Amino acid sequence: MNCACFILVLLFMSCFGHTTASGSCTPKLENALFEDLLSMMLKIKGTDKNNGIHQHDKNFSAFAASLTAKKILGSGETVKFDKVWTNVNNNYDPSTGVYTAPNSGVYQFSCSVMSGYKKSLRVFLWKNDRKTVAVFPGNHGHDMATLNMVLELKKGDRVYIKQGGTEKYIYTEAASNFSMFSGYLIR
Ligand SMILES: *[C@@H]1O[C@H](CO)[C@@H](O)[C@H](O)[C@H]1NC(C)=O
Ligand SMILES: *[C@@H]1O[C@H](CO)[C@@H](O)[C@H](O)[C@H]1NC(C)=O
């Protein structure tokens with residue numbers, strides 16, 4: 001019998017003794033106490049189901065995705081960064097390009113894009129149905145621009161990268177992954 005089990009048995013016995021003596025150890029209290037004890041002991045033993053990166057932050061969320069092919073974007077097209085590198089909690093959907101906040105909090109987002117050779121590109125970071133900030137790489141060759149944004153979101157808020165203006169040439173190379181979008185919950 002290991003130490004944790006021994007403590008559990010001791011506590012059970014003390015609670016049982018208490019019940020017969022004074023009747024103050026109600027079944028409800030007993031269950032809550034034992035659930036807490038059990039989860040505490042599982043954590044100590046490292047056999048918790050959520051062991052690993054999610055153990056301390058069940059509500060944590062982070063993603064990063066890049067574009068696998070260059071494209072001439074449609075007017076107002078949402079950019080679908082299709083190669084997913086990180087998707088803790090699966091809140092980014094590569095089939096739509098939309099990140100959905102799992103909970104209220106403050107989030108960080110970044111986007112780097114490269115323009116087509118001597119072509120223009122403008123993309124905005126959207127929050128729900130509103131534009132926030134944009135990037136506009138130059139059109140001298142393949143030029144790059146990066147945006148970094150911090151947003152306070154409510155559960156269910158949607159964040160994505162969308163073409164704006166008349167500039168539509170987004171560039172990437174399978175070998176270099178120049179255009180990408182990422183985000184994570186700060187707290
Ligand atoms: C954590 O996630 C659960 C399930 O979505 C939610 O009920 C709870 O409010 C969240 N906690 C925080 C601190 O956001
Ligand atoms: C870019 O992404 C692809 C997957 O889409 C991957 O195979 C490749 O190794 C990446 N390139 C680099 C330089 O990491």
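These numbers come from the heavy atoms of this one structure, side chains and all, not from hydrogens, waters or symmetry mates. Just so we're clear, the structure is a prediction, and the values are computed from it rather than from any experiment. Indexing begins at 1, ligand by ligand and atom by atom, following the structure's order.
Among all protein heavy atoms, the one lying closest to atom 12 (C) of ligand 2 is N177 ND2, 3.5 Å.
Close contacts of ligand 2 with T68, meaning ligand atoms under 4.0 Å from a residue heavy atom, involve 5 (O).
Among V106, V159, D157, I186, the single residue meeting the side chain to side chain contact (heavy atoms under 4.5 Å, CB included) criterion with L151 is V159.
A distance-only check finds a donor-acceptor pair linking the side chain of S115 to the backbone of G138 [under 3.5 Å]. Of the possible donor and acceptor atoms, none in the side chain of N103 sits under 3.5 Å from a partner among the backbone N and O of K155.
For the pair S66 and ligand 2, the shortest N or O to N or O distance does not fall below 3.5 Å.
For atom 2 (O) of ligand 2, the nearest protein heavy atom is under 4.0 Å away. There is a protein heavy atom less than 4.0 angstrom from atom 5 (O) of ligand 2.
Contact annotation: for W85 versus ligand 2, heavy atoms closer than 4.0 Å belong to the side chain alone.
Nearest-residue assignment for atom 13 (C) of ligand 2 (options A65, A174, A69, A175; heavy-atom criterion): A175.
Residues L147 and Y160 do not share a hydrophobic cluster, clusters being chains of Ile/Leu/Val/Met/Phe/Trp/Tyr side chains in contact below 4.5 Å.
Ring-centre distance between F109 and Y99: below the 6.0 Å cut-off. Residues F181 and F63 place their aromatic rings such that the two centres sit under 6.0 Å apart.
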